[in-house]
Amino acid sequence: QVTNHGVDTSVMDGMMVASREFFRQPPEEKQRYTNLIGGERFQLEGYGTDRVNSSEQILDWSDRLYLKVEPEDERSLALWPAHPQTFRNLLHEFTTKCRVVKDGLVRAMARLLELDNDYIIEQFGEKADTYARFSYYPECPRPELVFGLKPHSDGSVLTVLMVDDTVGGLQILRDGVWFDVPIVPHTLLINIGDQTEIMSNGIFKSPVHRVVTNAEKERLSLALFYSLDPEREIEPATQLVDEKRPALYRKVKVKDYIAGLFEHVSQGTMVIDTVKI
Ligand SMILES: O=C(O)CCC(=O)C(=O)O
Ligand SMILES: [Fe+2]
């Protein structure tokens, strides 16, 4: 959890208010930004649920808006809500500020690993992808039956997460036990993702987490997933591999890893297991 992050509270609050306003609109308004091309072919970006692969798949109790925010010249502005009017500017502001937070964090992580300060920054590459995922979890009449978001670890290098400051629901798995993540208003939660686990050769671990539903209250969160350039390959840093500690993960193309992630998330399995040696 970071507090002195430099992201203005007005931008944070504004972003939450604008997002809530977007999700509270009637379905036909939100459908303008649908993630189904021609009503059927799934694309990652846009409004809707995850890709549905089979009728057996267990869906999450949530509404999603997924937008690519970086590289900036790859934004699909047509999918960025035009209502409320403040939405686009706030998202631009929020991501600009969070980028600085992320840069500071990955430098600190590189130092902790005794790598070059800029080791992780350089791994990101010129065309590093950042996605924003807005998750809106409506009140759920039968919270014991369904997750807001199934157990998973993030496929990113790291995730910057802004959560509702009145309703909990995020839980993290530690030693086989689920713990509630406490809510501290105006902090940002930082989650280590699989790409850091791989680069650090397992020194950092990406935690498994989930969101439980709530019978009385809706909940909103915004996650920024910072990921390497999809065309690059990722592997443990050579400085962290030797005879005593061999590579624990094989080299993989980032794009393939992310594709695997969505496959596994829909089935409730862990993609990181596919690259473990
Ligand atoms: O809604 C939350 O608090 C968590 C969201 C999350 O874990 C994700 O989007 O990957
Ligand atoms: Fe997550």
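Just so you know, residue 1 is the first one in the sequence shown, and it goes up from there. Atoms within a ligand are numbered from 1 in the order they appear, just like the ligands themselves.
- A salt bridge links K276 to D273: at least one charged side-chain nitrogen sits closer than 4.0 Å to a carboxylate oxygen.
- Shown in contact with F225 at under 4.0 Å from a heavy atom are these atoms of ligand 1, numbered in order with element: 8 (C), 9 (O), 10 (O).
- No N or O atom of S135 sits closer than 3.5 Å to an N or O atom of ligand 1.
- Judged purely by atom type and a 3.5 angstrom limit, S221 has no side-chain atom pairing as donor or acceptor with the backbone of L161.
- The ligand atoms of ligand 1 that sit less than 4.0 angstrom from a heavy atom of V163 are 3 (O).
- Using a 4.0 Å cut-off between a side-chain N of Lys or Arg and a carboxylate O of Asp or Glu, E114 and R111 do not qualify as a salt bridge.
- With a 4.5 Å cut-off on side-chain heavy atoms, R99 and E70 count as touching.
- Panel note: side chain D154, backbone S156; no donor-acceptor pair is recorded below 3.5 Å.
- Paired with D164 under the rule side chain to side chain donor-acceptor pair (under 3.5 Å), one option of R219, R20, K217 passes, and it is R20.
- At least one heavy atom of R219 sits less than 4.0 Å from an atom of ligand 1.
- Protein contacts to the Fe ion (ligand 2) involving N, O or S atoms at a distance below 2.8 Å are H152 NE2, D154 OD1, H209 NE2.
- Looking only at distances, no side-chain donor or acceptor of D8 sits under 3.5 Å from a matching main-chain atom of S10.
- Annotation: atom 4 (C) of ligand 1 to nearest protein heavy atom, V211 CG2, 3.7 Å.
- Listed by number with element, the atoms of ligand 1 under 4.0 angstrom from any heavy atom of H209 are 7 (O).
- No part of N191 comes within 4.0 Å of ligand 1, judged by heavy-atom distances.
- Using a 4.0 Å cut-off between charged nitrogen and carboxylate oxygen, E231 and K127 do not count as a salt-bridge pair.
- Side-chain atoms of K150 do not come within 3.5 Å of backbone N or O of F147 as any donor-acceptor pair.
- Among protein heavy atoms, the minimum distance from atom 8 (C) of ligand 1 is reached at R133 NH2, 3.3 Å.
- Atoms of ligand 1 found under 4.0 Å from any heavy atom of Y137, numbered from 1 in the order shown, are 1 (O), 2 (C), 5 (C).
- Residue L149 touches ligand 1 through its side chain alone, judged by heavy-atom distances below 4.0 Å.
- A donor-acceptor pair under 3.5 Å is formed between the side chain of R250 and the backbone N or O of T274.
- Judged by a 6.0 Å distance limit and a 45° cone about the ring axis, R75 is not positioned over the six-membered ring of W80.
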